[in-house]
There are 2 protein chains.
Amino acid sequence: MAPMARSVGERVVRAGAEGSLRIGELAERTGASPRSLRYYEQQGLLRADRDTNGYRRYGLDAPATVGRIRELLATGLNTDAIRELLPCAQGGPGLVFCDRSCSAVERQMAQLDAEIAELARRREALATYAHVMRQRRDEDRALAAMALRSA
Amino acid sequence: MAPMARSVGERVVRAGAEGSLRIGELAERTGASPRSLRYYEQQGLLRADRDTNGYRRYGLDAPATVGRIRELLATGLNTDAIRELLPCAQGGPGLVFCDRSCSAVERQMAQLDAEIAELARRREALATYAHVMRQRRDEDRALAAMALRSA
DNA sequence: TTGACGTCTGACACCGGTGTCAGAGTCAAG
DNA sequence: CTTGACTCTGACACCGGTGTCAGACGTCAA
């Protein structure tokens, strides 16, 4: 096997430890692919201990954490933002973190508002185009009908 | 110079022909970079003849065409969609094209509506998170204040 | 022992318009 | 002839979560 990178703070546990999950089991419970779980770990969103054989070993709280990660991803937050606010969303280490997390969420909401406004602007611009083009189409239809009648 | 790919239907004109533009001039007039103009051509949105030396030579209608391309890009349409509806937007070859173009624009508007709805959904999901997290933050603040008073 | 399956790491692809670079050709001005 | 400004083509990078593959190792049952 290729040498395995080790993260700071992870523990190496007995293989087959009770009350813990391997990556396939966690994937099955959460609906996330193993690929995604490894990615979340790489991004610092999800902690995993290691078996003596190098396999990832997840605690029983992992499914809930993965659920939160995926909820937040589904809101359009990227992994940087999620890393910032996950400690508070988990019931984290108190005031400072929650303060920063609230700010992060509010920034993201403001950005979503801006994106919605931008899409609305695009929609209106497109509606103007549609109007012109429908007119042209209908003129062409009228011309075709006239040509048909005179023939 | 590297060998130059030739598109179908382009003409090779005298270098320095009057009433035409080289890529730098067109870029300056339209605000598009030369890189973008070459890309539009590659995507089949913009026609360019060639000088005997291989330089692109644009007709005097090119600035208007580039303007339309950039307007449509700014609405979020991709080059595939623009290729489909540009003939009609230019005052093109009649009924069939305009019919297809109208359909393309309406599809894009429907897709924009769907995207707006999706962003709104994300915003609401995020607002729920924000509510929970603000509560947690305020609880922490209250706890901190109590601890301060009792100390 | 062998085969099937799970897991490991690392790497590439995707989307799509644009920036940027490399290496080379063109051409007018000095 | 030299210099500098343009132009040519082709290629890589960007973003960011996910799919997928390759090559190797672990584990367990037949």
Side-chain angles (χ1 to χ4, degrees), chain A residues 1-7 10 12 14-17 20-28 30-46 48-58 66 69-83 108 111 115 122, chain B residues 1-7 10 12-16 20-28 30-46 48-58 66 69-83 108 111 115 122:
Chain A
M1 197 189 325
M4 288 182 216
R6 289 287 156 77
S7 316
E10 76 180 16
V12 175
R14 280 199 328 282
S20 62
L21 301 166
R22 286 193 308 180
I23 196 169
E25 302 165 325
L26 183 56
E28 199 171 359
T30 59
S33 66
R35 172 71 178 86
S36 293
L37 296 176
R38 295 190 190 105
Y39 179 71
Y40 301 157
E41 180 182 356
Q42 189 190 14
Q43 295 299 303
L45 308 182
L46 183 60
D49 294 328
R50 297 291 180 140
D51 278 351
T52 47
N53 60 13
Y55 285 15
R56 288 171 178 80
R57 181 63 61 172
Y58 297 95
V66 173
I69 291 170
R70 292 177 75 75
E71 276 178 12
L72 291 168
L73 280 175
T75 70
L77 285 165
N78 61 21
T79 53
D80 284 346
I82 296 176
R83 188 181 319 111
Q108 172 69 3
Q111 188 181 325
E115 284 174 26
R122 290 182 187 181
Chain B
M1 199 191 320
M4 288 182 216
R6 289 287 156 78
S7 315
E10 75 180 17
V12 176
V13 301
R14 281 200 326 282
S20 61
L21 300 167
R22 286 192 309 177
I23 197 169
E25 301 164 325
L26 182 57
E28 198 171 0
T30 60
S33 67
R35 172 72 177 85
S36 294
L37 296 175
R38 295 188 189 105
Y39 180 70
Y40 301 157
E41 180 181 357
Q42 190 190 12
Q43 295 300 303
L45 308 182
L46 182 60
D49 294 328
R50 296 291 180 140
D51 277 352
T52 47
N53 59 13
Y55 286 15
R56 287 171 179 79
R57 184 59 65 170
Y58 296 95
V66 172
I69 291 170
R70 293 176 74 74
E71 276 178 11
L72 290 169
L73 280 176
T75 70
L77 284 165
N78 61 23
T79 53
D80 283 347
I82 296 177
R83 189 182 317 113
Q108 171 69 4
Q111 188 182 325
E115 284 175 26
R122 291 183 185 180

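No hydrogens, no waters, no symmetry mates; every other heavy atom, side chains included, goes into these values.
When rounded to the nearest whole Å, the span between CZ of A:Arg38 and P of D:dC21 equals 14 Å. Rounded to whole Å, the distance from CD on A:Gln42 to P on C:dT9 is 10 Å. Spacing between atom CZ of B:Arg50 and atom P of D:dC8 amounts to 6 Å, rounded to whole angstrom units. To the nearest angstrom, C1' of C:dC8 lies 7 Å from CZ of A:Arg56. Between B:Arg22 atom CZ and C:dC27 atom C1' there is a gap of 9 Å when expressed in whole angstrom units. In this entry the distance linking CG of A:Asp51 with P of D:dT27 reads 8 Å, nearest Å. Rounding to whole angstrom units, CG of residue B:Leu46 and C1' of C:dT18 are separated by 16 Å.
For A:Tyr55 against C:dC8, no side-chain N or O and base N or O form a donor-acceptor pair under 3.5 Å. In this model, a side-chain donor or acceptor of A:Arg35 finds a partner on the base of D:dT20 within 3.5 Å.
The environment of A:Glu25 atom CD is dense: over 12 non-hydrogen atoms of other residues, nucleotides or ligands sit within 6.0 angstrom.
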*For side-chain contact (heavy atoms from CB on, under 4.5 Å), just list the numbers for B:Arg50 and B:Arg57, CA-CA rounded to whole Å, side-chain angles, deciding distance to a tenth of an Å, and then say yes or no.*
CA-CA 5 Å; B:Arg50 296 291 180 140; B:Arg57 184 59 65 170; over 6 Å; no

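Proximity note for B:Asn53 (side chain, C-beta onward) versus C:dT18, C:dC27, C:dG19: the nearest is C:dC27. Of all nucleotides listed (C:dT18, C:dT7, D:dT7), C:dT7 comes nearest to the side chain of A:Ile23.
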Please list, pair by pair, any protein nitrogen or oxygen found under 3.5 Å from a nitrogen or oxygen in nucleotides 15-17 of chain C.
from, atom 1, to, atom 2, distance (Å)
C:dG17, OP1, B:Thr79, N, 2.9
C:dG17, OP2, B:Tyr39, OH, 2.1
C:dG17, OP2, B:Thr79, OG1, 3.3

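Atom CD1 in A:Ile69 sits 5.0 Å away from atom CG in A:Leu46 (nearest 0.5 Å).
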